[in-house]
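Shown next, in structure tokens, is the structure this report addresses.
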Number of protein chains: 2
Amino acid sequence: MPPTQPDATRARKAQAAEIERPAEGTLGQHAYDCIRSDILRGHFAPGSPLRLQALKDRYGLSFSPLREALNRLQSEQLVSSVAARGFRVTDISVAEMWDAIETRTLIDGEGLRRSIQRGDDDWEAQVLGTFHALSRVFERAFGQSGPIKDDDRDLLETRHAAYHRSLISASGSDWMLRFSTQLYQQTQRYRWPFFSGESGDALLKQSYLAEHREIAEHAVARREDEAVALLARSLHRTGEVIEELHGAAKG
Amino acid sequence: MPPTQPDATRARKAQAAEIERPAEGTLGQHAYDCIRSDILRGHFAPGSPLRLQALKDRYGLSFSPLREALNRLQSEQLVSSVAARGFRVTDISVAEMWDAIETRTLIDGEGLRRSIQRGDDDWEAQVLGTFHALSRVFERAFGQSGPIKDDDRDLLETRHAAYHRSLISASGSDWMLRFSTQLYQQTQRYRWPFFSGESGDALLKQSYLAEHREIAEHAVARREDEAVALLARSLHRTGEVIEELHGAAKG
DNA sequence: ACCGGATTTTCTTTCGAAAATCGGTGTCTT
DNA sequence: AAGACACCGATTTTCGAAAGAAAATCCGGT
């Protein structure tokens, strides 16, 4: 995509005032990206209120673009709002997680099936390519001991998302892609502590990567049922791991 | 739900100024409801731009609540926006319609399956009840000759939505319900001219009602496969009718 | 001490106007 | 005459402050 070479004014302002990077089209879009990212990576905890003043201070924006962003996020179930009491980060719960995971199993399963039926060379290349990229950052992130680095974690999440998207990218259905993305986003909130774990259970992480490889290989080999079944199992296992972690953290 | 006995101020204002009915929580919510309704029933044609000034005049609101509503509707794919050129009603196309219908077939199919497995007496009662209500207004609306009355059309649409929602209401999945609603909304935009037709093809409409009855009966009798297959066929047939009408209207 | 009810405080929500942007139009240069 | 550039009008986008609610606090009466 073109760089969208936007506005000289904002560039000037950024130089003059702060070195933030409002490289998007509108401030509203910028606010949307920032808040969304901060929610997904847990900077704003689930259930915590999103005070306008606090957001204004944090991002250096005015009410209007913030409100704009919050309303869009509300329709995506990342924030919820009550009458005249403002916005808060949508809560999470084990039941909600399972709902999201099972629904995603349905959508991604069908999406993968269709991709396998309709995907061309480019699709195969994309699946294998995104898996390769994922595995590389996976090794780098968990290969070394100690806590995972923030940059690695971001990249890991980005490539994990890209991989899963590629699996269903040839399905031909925009709605499925959209829903899948939304559900992925939702489960990402639960998965985050998993990725940030102390790499204690590297074994499990290893099998996680192996699963992803198998899915990719079945997919490009057009083994529909195997790929779909394996994807479903993988998603389900993720749910179980999360449930365990949550139980350990809260119980 | 409680009446949400809101604000004396707005009531005062309504008395003093105009007899509009802002009976919702916030003006933003009111704007959302109004615009959404106007889009769904075709007052704003697909693809047409939504100028803020025009909306302001039409609803007597200020920019902020309108913008709020438009942003939410954007996340629901009812309106789309370009950089700094404002909002417009999301376009429709035959391909998009089929995508929406097929995706809904997937979601509603699984939702119905689960409802049949898990639904209790209340669910059965709801399915039969909403169908009965639908059939009544159906007869009233199409029984008489001439064009359908606006009130009847609204009620028909409301009850049709309630019927379809009841089918999957016992699925236990909020995400499926949410997605189904969103897709239903989408297809409603295509279906509208169908319902407003001159009742020329009453025969087809009759079979449409019969299909719905059969689905309800199979559902409460817990005949899973039959109910799901029939629902899928019904959705598909709707698509074909719409495609035909669109071809006739535009081709 | 303790419970209603008014008041202050802290938010959100809404407004109206200012700032910025886009598309088009006319003019000037090559 | 063709292309580029700068202005103009119409719209969107953003701002800061006023207006409106909910929560918190404070006060007199029992």
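Here the structure is a predicted model, which means the values were calculated and not measured. Within every chain, numbering begins at 1; the chains are lettered A, B, ... in the order of the sequence lines, protein sequences first and strands thereafter.
- Pairs engaging residues 162-182 of chain B under the salt bridge (Lys or Arg N to Asp or Glu O under 4.0 Å) rule: none recorded [sequence neighbours left out].
- For residues 34-46 of chain A, every residue pair satisfying the side-chain hydrogen bond (donor to acceptor under 3.5 Å, both in side chains) rule, not counting sequence neighbours, is listed here: A:Arg36-A:Gln185, A:Ser37-A:Arg41, A:Asp38-A:Arg58, A:Asp38-A:Tyr59, A:Arg41-A:Asp154, A:His43-A:Arg58.
- Applying the salt bridge (Lys or Arg N to Asp or Glu O under 4.0 Å) test to pairs two or more places apart or on separate chains, those with a residue in residues 78-107 of chain A are A:Glu102-B:Arg114, A:Arg104-A:Asp108.
- Not counting sequence neighbours, the partners of A:Phe179 by the ring pair (Phe, Tyr, Trp, His ring centres under 6.0 Å) test are A:Trp175, B:Phe179.
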Assess the residue pair B:Ser166 and B:Thr130 against the criterion (side chain to side chain donor-acceptor pair (under 3.5 Å)); give the C-alpha distance rounded to whole Å, side-chain angles, the decisive distance to 0.1 Å, and a yes or no. CA-CA 7 Å; B:Ser166 82; B:Thr130 53; 3.1 Å; yes

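- Distance CG (B:Leu27) to P (D:dA21): 10 Å, rounded to an integer number of Å.
- The nearest whole Å value for the distance from the CD atom in A:Glu68 to the P atom in C:dT14 is 15 Å.
- Annotation: salt bridge (charged side-chain N to carboxylate O under 4.0 Å, His left out) contacts of A:Arg140 (sequence neighbours excluded): A:Asp152.
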Pick out the pairs of N or O atoms, protein on one side and nucleotides 7-12 of chain C on the other, that lie under 3.5 Å.
residue, atom, partner, partner atom, Å
C:dT12, OP1, A:Leu52, N, 3.3
C:dT12, OP2, A:Leu52, N, 3.2

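- Side-chain proximity of B:Pro65 to the nucleotides D:dT13, C:dT13, C:dC15 is greatest for C:dC15.
- For the pair A:Arg88 CZ and D:dA23 P, the computed distance is 11 Å after rounding to whole Å.
- Atom NZ of B:Lys56 is separated from atom C1' of C:dT14 by 11 Å (rounded to the nearest Å).
- If you take CG of B:Leu55 and P of D:dT11, they are 13 Å apart, rounded to a whole angstrom.
- Put simply, CG on B:Leu70 is 14 Å from P on D:dT14, counting in whole angstrom units.
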